[in-house]
Q: 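Got a structure for you, written out below as structure tokens; questions coming shortly.
Protein chains get the first letters and strands the later ones, always in sequence-line order, with residue 1 at the start of each.
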There are 2 protein chains.
Amino acid sequence: MDVARIAGVSQKTVSRVFNDEPYVSADVRRRVLDAAEQLGYRRNNAARALASGRTRSIGVVTLGTALYGPASLLMGVEKVVRDTGYALRVVNTVEGDPAGIAGAVNSLLDQGVDGIVVSEPIDEPGSISRSVDVPVLVIGAPSPVLSPTVLSAGDGADLMARTATEHLLDLGHVTVHHLAGPQRWFAARDRLAGWRAVLTERGRHLPPVVEGDWSAASGYRAGRELARLPDLTAVFAANDDMAIGLIRALTEAGLRVPQDVSVVGFDDIPVAAYVTPPLTTVRQPFDAVAQEGLKRLVHVIENPDDDPLPASQPPVDLVVRASTGPAPARRHENPAPRGTAPAPPDHTPAPADGGAPAHD
Amino acid sequence: MDVARIAGVSQKTVSRVFNDEPYVSADVRRRVLDAAEQLGYRRNNAARALASGRTRSIGVVTLGTALYGPASLLMGVEKVVRDTGYALRVVNTVEGDPAGIAGAVNSLLDQGVDGIVVSEPIDEPGSISRSVDVPVLVIGAPSPVLSPTVLSAGDGADLMARTATEHLLDLGHVTVHHLAGPQRWFAARDRLAGWRAVLTERGRHLPPVVEGDWSAASGYRAGRELARLPDLTAVFAANDDMAIGLIRALTEAGLRVPQDVSVVGFDDIPVAAYVTPPLTTVRQPFDAVAQEGLKRLVHVIENPDDDPLPASQPPVDLVVRASTGPAPARRHENPAPRGTAPAPPDHTPAPADGGAPAHD
DNA sequence: ATGAAAGCGCTAACAG
DNA sequence: CTGTTAGCGCTTTCAT
């Protein structure tokens, strides 16, 4: 190593300097740093990885979509990974890819990573638990792989769904319909489960579930169906995009939101406060989830023998805007003609703020 | 190497098998593969990289946002990188990070990559051209780094902006206002340039530019200002999120879209067809751009001596929906009271479809 | 068609 | 505080 020669020290000493190890005199450190600077020296990661057995990188398996949720999670993960000094390797799983999660995890293992993050995996039929030997953090799902250390994060979805449903019930709606996400996604299943639990607990009628694919287009299609239901007064949509498509379809069918039908979304995407009407929704704490999960993953990687750090539940954040309001007066017993505005019953509270965004 | 021993061959032969090199008899190949399978052998990438000097990985520098544009680009890049057998390393540049692009590129170089993709860089003051020794693909901007081989892709923004502006002018609007993106972004500057060029060419008045930060919230704020302008009849917004916030503000101010003011967005985000009114916008060909750019980057990496593959311009895709319509009759000379519906002049074409999504 | 020897650039383990 | 000796698992180069 040339740096060592120029600085007049051994290779090992150079190594010590660059790894911030103790026991290097200030003088020697200076000389090494100068020599390195002068030579434009940059240490070779491949060699480091080979010699030490650690790659100092973390792999993440994501869905190949630009959907707000997964994308936010990925950005959150990247930030923490970088902050902790690791490098990030990314592999997508494509829906319909036979290899699925297992294939993605495998390719990460081939590349060499010290830990793996599986973000919002979907339930691939073929992806049976392969066992891996590095710690794994699974976000928003039960673990699809076997590993000596499996951490999980972001599993508050069902509680958030409960809150959304309860909000609607508390406004006086007799029951709440659900526009679900694709049931191959755990995230979609959890939201459905939370919704169902609340309705069941309160002894409410469980209307049939309509399933979308997360897109506004699918929400629109579902909305055309739902608009025909005479007892429809409240819908909990599994994400904001579908809620927006749904609202468009309802509006076109002559139903007013929220006077005739209330709609709650999920995620709080950036435009949610600015669509018409501004969307009541449950904000997902993507950054917090990513950050906390990664901290724990890195801790396990670097202290394999310690007890894993405890997980914490982020608080549920229901953002009430203008797409939800009190149930229309006995609409299900005495259906007013669609598109007509029944005078709001005077004992119910006024709808939430009708215009300006609730936050920013 | 155990595989070699069990298969009864030399280490080198195992290497040949795994690299699909010629001159291995079918029999030997079988034995090696069996032995590897049996041992659960997986070749060590660090050692490969160390010995060969190639890491078989490509690094990408992205903005740390979940914005639809950057996120779509990243997903497109991931797909091609995976398809070509490379691994993907991701580093974000955070706005305000002093290290900026240069820092991100540096960390990628430290990690070891065979090529670098810089996606939609912003104009960091301090990030003066560092010279790097691997090929670089820059998407949507002039190159922020010096490299023996610099490729570029996705620079059709200015043409797309022209098309959006022309669409508005062709509808009879006297001039077009522009709600710009943050001018530190090249993407924002290109769109502004395209808009300005058209207006100038046609000898139209150039109204002052309002600058947002890509968010719906900033579009909303801009909309409140713009709503006060008596001659406002058409706005070209630099992205869809801002267009949505803008429309909300205009609507709240009593202006109808498109009867009083026409709005064109940029990107064609998935909800664009479902907001009210459905948004006329310019669709960005993110996947095509990523795919074509990466193909060329990989080609350069693997055939350093060949001529680089030629770039191609994707066609501009203006999606006309319901947020644009004919200019109101002489609104600037004889301003109708805000919020009133002037009867549409009968010689003008009807606005585009008012409801159902144009595509899916 | 296959093998032997050398070495990529670093860190681990131990000496001094 | 600093140096020596090995060797990580592969590819390279040259033999055979």
Side-chain angles (χ1 to χ4, degrees), chain A residues 1-36 38-57 85-87 109-114 133-134 301-302 304, chain B residues 1-57 85-87 109-114 133-134 301-302:
Chain A
M1 178 188 285
D2 294 342
V3 175
R5 240 204 352 270
I6 298 208
V9 299
S10 77
Q11 213 181 86
K12 176 64 214 180
T13 298
V14 174
S15 168
R16 273 197 263 263
V17 170
F18 276 93
N19 290 318
D20 278 324
E21 282 173 33
Y23 306 127
V24 189
S25 69
D27 172 50
V28 169
R29 163 165 275 119
R30 263 254 64 72
R31 291 211 318 269
V32 170
L33 256 19
D34 285 350
Q38 178 186 333
L39 266 47
Y41 169 74
R42 134 178 297 157
R43 67 195 192 291
N44 181 319
N45 236 288
R48 250 155 75 86
L50 179 57
S52 69
R54 295 183 45 207
T55 61
R56 279 151 252 258
S57 70
Y86 282 75
L109 257 17
D110 275 351
Q111 293 173 33
V113 290
D114 295 341
D133 51 359
V134 298
I301 293 174
E302 297 183 345
Chain B
M1 181 188 284
D2 293 341
V3 175
R5 238 203 355 269
I6 298 209
V9 299
S10 76
Q11 212 182 86
K12 174 63 217 181
T13 300
V14 174
S15 168
R16 274 197 263 261
V17 170
F18 277 91
N19 290 319
D20 280 324
E21 284 172 31
Y23 305 126
V24 190
S25 68
D27 172 49
V28 169
R29 163 166 273 119
R30 263 253 62 71
R31 292 211 317 269
V32 170
L33 256 18
D34 286 351
E37 166 79 12
Q38 178 186 332
L39 265 48
Y41 170 74
R42 130 179 299 158
R43 68 194 192 291
N44 181 318
N45 235 290
R48 249 155 77 84
L50 179 56
S52 69
R54 294 184 43 207
T55 61
R56 279 148 255 257
S57 69
Y86 282 75
L109 257 17
D110 275 349
Q111 292 171 35
V113 290
D114 296 341
D133 49 359
V134 298
I301 292 174
E302 297 183 344

Q: Atom CZ of R16(A) and atom P of dC14(C): how far apart are they, to the nearest Å?
A: 15 Å
Q: How long is the line joining CG of D110(A) and C1' of dC10(D), in whole Å?
A: 15 Å
Q: Can you name the closest pair of heavy atoms from S57(B) and G112(B) and give their distance?
A: OG-O, 3.4 Å
Q: Tell me the bend of the helix from dA1(C)-dT16(D) to dG16(C)-dC1(D) as the angle between end helix axes, each from five pairs, rounded to the nearest 10 degrees.
A: 20°
Q: Distance check needed: dA12(C) P versus E21(A) CD, whole Å only.
A: 7 Å
Q: Could you tell me whether a side-chain N or O of N45(A) sits under 3.5 Å from a main-chain N or O of D110(B), the two making a donor and an acceptor?
A: yes
Q: Roughly how far, to the nearest 0.5 Å, is CG of D133(A) from CG of L109(A)?
A: 6.0 Å
Q: Which pair of non-hydrogen atoms, one from V14(A) and one from V9(A), has the smallest distance, and what is that distance?
A: CG2-CG2, 4.0 Å
Q: Between dA4(C), dT2(D), dT2(C), which one does the side chain of K12(B) approach most closely?
A: dA4(C)
Q: Could you tell me whether the phosphate oxygens of dC10(D), OP1 or OP2, come under 4.0 Å of any side-chain nitrogen or oxygen in N45(B)?
A: no
Q: Within this structure, what is the CG-CD distance for the pair L33(B) and E37(B), rounded to the nearest 0.5 Å?
A: 8.5 Å
Q: On DNA chain C, compare the nucleotides closest to A47(B) and V28(B); which residue's is nearer the 5' end?
A: V28(B)
Q: For Y23(B) and dG3(C), is the shortest distance between a side-chain N/O and OP1 or OP2 below 4.0 Å?
A: no
Q: Whole Å only: how far is the CG atom of D27(B) from the P atom of dA1(C)?
A: 13 Å
Q: Between dC10(D), dC1(D), dT11(C), which one does the side chain of Q11(B) approach most closely?
A: dC10(D)
Q: Side-chain N or O of S15(B) versus OP1/OP2 of dT11(D): is the shortest distance under 4.0 Å?
A: yes
Q: Between atom CZ of R54(B) and atom CD of E302(B), what is the distance when rounded to the nearest 0.5 Å?
A: 6.0 Å
Q: Tell me which one of V17(B), T13(B), N19(B) satisfies side-chain contact (heavy atoms from CB on, under 4.5 Å) with S15(B).
A: N19(B)
Q: Hey, does the side chain of T13(B) come within less than 4.0 Å of dG3(C)'s phosphate (OP1/OP2), counting only N and O?
A: yes
Q: Using a strict heavy-atom distance below 4.0 Å, which residues from residues 48-55 of chain B are in contact with DNA chain C?
A: L50(B), A51(B)
Q: Please determine, for the side chain of N44(A), which listed nucleotide (dG9(C), dA12(C), dT13(D)) has the closest atom?
A: dG9(C)
Q: Could you tell me how far apart R56(B) (CZ) and dC10(D) (P) are, to the nearest whole angstrom?
A: 12 Å
Q: Nearest-Å distance, CZ (R30(B)) to C1' (dA1(C))?
A: 18 Å
Q: If you assign each of R43(A) and V9(B) to its closest nucleotide in DNA chain C, which residue comes earlier from the 5' end?
A: V9(B)
Q: Indicate yes or no: at least one non-hydrogen side-chain atom of D27(A) is less than 4.5 angstrom from one of R31(A).
A: yes
Q: Roughly how far, to the nearest 0.5 Å, is CZ of F18(B) from CZ of R42(B)?
A: 11.0 Å
Q: Between dG3(D) atom P and R5(A) atom CZ, what is the distance in whole Å?
A: 15 Å
Q: How long is the straight-line distance from CZ of R16(A) back to CZ of R29(A), given to the nearest 0.5 Å?
A: 11.0 Å
